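Below: the structure, in structure tokens.
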Amino acid sequence: MSILVNQNTRLLVQGITGKEGLFHTQQMVQYGTNVVAGVTPGKGGDWVLDGKIPVFDSTKIAVEYTGANASVIFVPAQYTADAIFEAADAGIPLIVCITEGVPVQDMMKVRNYLDQKQVRLVGPNCPGLLTPGECKVGIIPGNIAIHGEIGVVSRSGTLTYEVLYALREAGLGASTCVGIGGDPINGTSFLDVLEMFEDDPRTKRVVLIGEIGGTDEEKAADFIATRMTKPVVAFIAGQSAPPGKRMGHAGAIIEGGAGTAAEKVNALKLAGVRVANHPEEIPGLLHH
Amino acid sequence: MKLHEYQSKAIFANYGIPIPRGRVTENAAEARAIAEELGGRVVVKSQVLVGGRGKAGGIRLAKTAEEAETVAAQLLGMTIKGLAVRRVLVDEAANIETEIYLGITNDRAARKPVIMASAAGGVDIEEIARQSPEKIFKVHVDPLLGLREYQARDIAACIDIPREYWKSFIAITRGLWWAYCETDATLAEINPLVITANHQLIALDGKMVIDDNALFRRPAIASLRDVDEDTEAEVEARKHGLAYIQLEGQIGCMVNGAGLAMATMDMIKLQGGEPANFLDIGGGAGADKVAAAFRIILSDPKVRAVLINIFGGITRCDEVARGILMAMTDVKSTIPMVVRLAGTNAEEGRNLLRNAQMITAETLFEAAQKAVALVEGS
């Protein structure tokens with residue numbers, strides 16, 4: 001068991017002929033992900049990866065021909081909202097959006113549209129999903145994580161790799177790793193993923209990697225305090241960040257005095273979460 | 001990206017929102033000429049991208065054109081919260097009867113735009129929100145439907161705008177909505193929107209913040225950027241597509257990924273040091289970008305040590321190491337450097353750098369410890 005992706009995932013890659021799309025498709029296939037199709041408008045009929053993966057002009061046609069049940073998006077930011085709408089309208093239940101820099105007004109439209117459908121979006125501006133040993137959707141390097149019992153959920157990219165690596169060095173593996181992305185408005189929140197981990201029998205413990213900005217961590221703390229039975233260890237990045245400055249991620253900003261690391265750490269501690277002072281401390285806290 | 005008051009109000013005017021007659025200038029003599037055109041009685045307002053200009057003495061009333069010149073000269077020599085006043089806006093003074101707050105922003109938690117309005121305008125809206133939140137009326141707008149007429153009417157009714165002003169208030173609200181949408185704003189705010197003694201609604205002050213991620217499709221707005229307000233290093237970083245924020249400490253940081261960059265800064269602080277900057281070189285940065293990042297970090301005279309923390313995933317550490325070495329031949333520096341490489345090809349990368357007299361570390365903890373020790377020892 002795992003969450004969101006596993007060996008039954010039939011993946012479609014939107015933007016498969018672009019530089020990033022093609023490179024990461026190759027990486028995902030090497031990892032063992034079942035990539036069944038790609039979409040690039042205007043390139044329908046082509047094949048990529050030595051003729052192994054067919055390219056279609058539209059997501060709807062790709063789904064009809066291949067039965068894809070998940071999509072990963074690598075298209076440039078200006079076309080991303082359209083690509084998400086297209087995937088949702090084609091009936092794909094899981095959309096993972098890697099693209100960074102999507103305008104926030106686009107994301108508000110996307111999110112309000114998807115909320116009316118039975119579609120789960122992960123991202124944008126995220127590294128994607130990894131169920132070690134089974135399936136990788138996105139760009140998380142497969143070799144840094146091993147199969148195990150720890151659910152990992154994070155707003156960050158390389159910081160997540162750092163944590164997966166630290167876990168592996170300590171002999172700990174992940175059930176599934178979910179990168180929810182660093183944007184202020186995204187498809188999947190910490191809360192959504194915690195609910196899934198709570199219900200997943202293979203996940204025994206959870207690591208949550210948050211950062212400054214917004215109130216997603218506080219909502220997660222509330223869920224942990226009231227409904228979560230599995231132990232959670234957390235780290236919040238941005239304790240040294242000044243207010244009003246956007247720390248790289250569009251969502252990582254302390255505004256109007258809200259969204260500070262101290263508030264988040266406090267909320268999580270009150271919910272019984274062990275909060276690490278730095279990422280390399282996480283494996284130790286999980287062992288206790 | 002923040003816009004100045006004069007820029008925001010010019011945008012509002014394009015959407016049919018009445019603004020006071022006035023013009024922006026960089027010199028006091030011209031301020032006098034503008035005041036003469038406007039009939040003498042004017043408000044001279046410093047244009048800097050920080051809040052609290054009024055409290056800092058950056059907004060002044062002048063009763064005559066001569067006074068406008070004097071006041072403008074004073075303001076143009078001022079510094080407000082560290083920012084030099086380079087321009088003043090000279091606006092016709094209004095006879096204010098009522099002050100209203102009207103703003104649109106993104107409600108992150110609701111994932112929708114929210115219009116906020118209050119009859120208690122003129123002061124800091126965050127102050128009102130803290131002390132008497134019941135005085136703020138909020139309406140969420142469905143981004144797929146856009147602002148509906150009834151919503152604007154509801155606002156007018158709920159903040160007790162006299163009925164004779166409803167028509168113009170609704171038009172202003174609609175104008176502000178379109179200004180917000182068509183500039184990809186994250187904030188569009190009129191504070192105050194005033195009812196004058198001549199029974200007119202006028203946007204006396206305006207503020208807009210634009211979504212940086214949307215500037216690619218708003219070239220006219222992007223060209224409004226005031227680079228005077230950024231440090232040279234920040235301008236340089238933007239040119240190279242680097243996310244860089246200058247801070248107060250002595251340890252320069254170069255990291256791949258925003259979350260990891262923050263975690264690296266936190267680790268420095270945890271060890272008793274202070275980071276000099278936030279810098280994310282992004283994924284797959286080439287030697288050029290690494291070199292630019294180096295120059296930017298070292299252009300900060302406060303920097304006494306540099307910590308490089310790279311987690312190789314898809315990015316290979318040996319590639320990054322080569323980039324660092326190439327940059328080092330460009331940028332001659334005696335500032336000591338601590339390098340921590342982990343992940344893909346970390347060992348190869350470390351070997352390349354060890355020959356270059358760099359201090360290497362296995363873990364982030366160790367790297368920060370060494371960097372802090374260097375600063376303390378120097």
Side-chain angles (χ1 to χ4, degrees), chain A residues 23-24 27 77-78 100-109 111-113 115 127 139-141 143-144 154-162 165 182-185 209 211-216 219 235 237-242 245-252 256-257 261 277-281, chain B residues 106-109 111-113 126 129 142-145 180-181 184-186 211-217 243-245 247-249 255-270 274-275 278-280 282-284 309-315 342-344 363-366 368:
Chain A
F23 175 77
H24 290 294
Q27 299 282 319
Q78 58 263 50
E100 178 181 354
V102 182
V104 66
Q105 290 196 11
D106 286 6
M107 278 314 301
M108 286 194 287
K109 291 195 180 85
R111 184 59 208 256
N112 281 273
Y113 185 70
D115 282 351
I139 62 173
I140 301 173
N143 61 334
I144 57 169
S154 170
R155 269 168 73 182
S156 164
T158 46
L159 177 57
T160 314
Y161 309 166
E162 180 88 47
Y165 179 74
D183 278 3
I185 294 176
I209 305 152
E211 62 188 32
I212 53 163
T215 53
D216 228 25
K219 284 179 195 145
F235 172 71
Q239 323 236 8
S240 55
K245 297 276 187 185
R246 175 181 138 171
M247 305 306 275
H249 288 158
N277 288 313
H278 60 86
E280 287 157 348
E281 224 177 66
Chain B
N106 300 333
D107 185 338
R108 193 166 167 165
R111 303 172 192 108
K112 287 182 168 75
E126 278 164 16
D142 183 328
L144 299 168
L145 283 179
Y180 158 88
C181 291
D184 268 296
T186 57
D211 179 4
D212 290 322
N213 285 343
L215 290 175
F216 70 85
R217 64 183 176 201
Y244 171 83
I245 294 164
L247 302 167
E248 300 305 315
V255 188
N256 64 330
L260 190 57
M262 280 190 275
T264 304
M265 290 159 52
D266 294 348
M267 184 73 102
I268 290 170
K269 200 146 186 168
L270 193 69
E274 285 289 335
F278 166 92
L279 193 152
D280 171 13
N309 183 28
I310 303 294
F311 197 97
I314 304 304
T315 312
T344 314
T363 64
L364 174 54
F365 188 89
E366 186 194 338

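All of these numbers come straight from a predicted model, not from anything done at the bench. So that the names make sense, note that chain A is the first sequence line, chain B the second, and so on, each numbered from 1. Atoms considered below: every heavy atom in the structure, side chains included; atoms not considered: hydrogens, waters and symmetry mates.
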message: Please classify the contact of Tyr180(B) with chain A as side chain, backbone, both or neither, using a heavy-atom distance under 4.5 Å.
response: both
message: Does any backbone or side-chain atom of Glu162(A) lie under 4.5 Å from a heavy atom of chain B? Answer side chain, backbone, both or neither.
response: both
Chain B contact via Gln239(A) - which portion, at a heavy-atom distance below 4.5 Å: both
task: Consider only side-chain N and O atoms of Asn143(A) and Tyr165(A), and report whether a donor and an acceptor are under 3.5 Å apart.
output: no
statement: With sequence neighbours left out, the residues meeting salt bridge (Lys or Arg N to Asp or Glu O under 4.0 Å) with Lys269(B) are Glu274(B)
- prompt: Given that the side chain runs from C-beta out, which part of Phe216(B) has a heavy atom under 4.5 Å from chain A: side chain, backbone, both or neither?
  reply: side chain
task: Check whether Leu279(B) gets within reach of chain A through its side chain, its backbone, both or neither, counting any heavy atom under 4.5 Å.
output: neither
message: Between Arg155(A) and Asp183(A), does any NZ, NE, NH1 or NH2 come within less than 4.0 Å of an OD or OE carboxylate oxygen?
response: no
task: Examine whether an atom of Ser240(A) lies under 4.5 Å from a heavy atom of chain B, and if so say whether it belongs to the side chain, the backbone or both; otherwise answer neither.
output: both
field: Contacting region of Asn256(B) [heavy-atom separation from chain A under 4.5 Å]
entry: both
- request: Identify which part of Arg217(B) has an atom lying under 4.5 Å from any heavy atom of chain A, answering side chain, backbone, both or neither.
  value: side chain
- prompt: Given side chains that start at C-beta, do those of Leu364(B) and His278(A) come closer than 4.5 Å, heavy atoms only?
  reply: no
task: Check each atom of Pro184(A) against the heavy atoms of chain B and say whether the ones under 4.5 Å are side chain, backbone, both or neither.
output: both
Met267(B) versus chain A, the contacting section by heavy-atom distance below 4.5 Å: side chain
- prompt: Under the side-chain hydrogen bond (donor to acceptor under 3.5 Å, both in side chains) test, which residues partner Thr186(B), sequence neighbours left out?
  reply: none
query: For chain A, which of Ala263(B), Gly259(B), Ala368(B), Ala342(B) has the most heavy-atom pairs under 4.5 Å?
result: Gly259(B)
- request: Using non-hydrogen atoms and a 4.5 Å limit, figure out which bit of Ala243(B) sits close to chain A: side chain, backbone, both or neither.
  value: side chain
message: Need one label for Leu270(B): side chain, backbone, both or neither, based on atoms under 4.5 Å from any heavy atom in chain A.
response: side chain
query: When you check the gap from the basic side-chain N to the acidic O, do Asp115(A) and Arg111(A) get nearer than 4.0 Å?
result: yes
query: Quick check: does any side chain N or O of Asn309(B) sit under 3.5 Å from a backbone N or O of Thr264(B), one acting as donor and the other as acceptor?
result: no
message: If we ignore hydrogens and angles and just use 3.5 Å, is the side chain of Asn106(B) paired with the main-chain N or O of Arg108(B) as donor and acceptor?
response: no
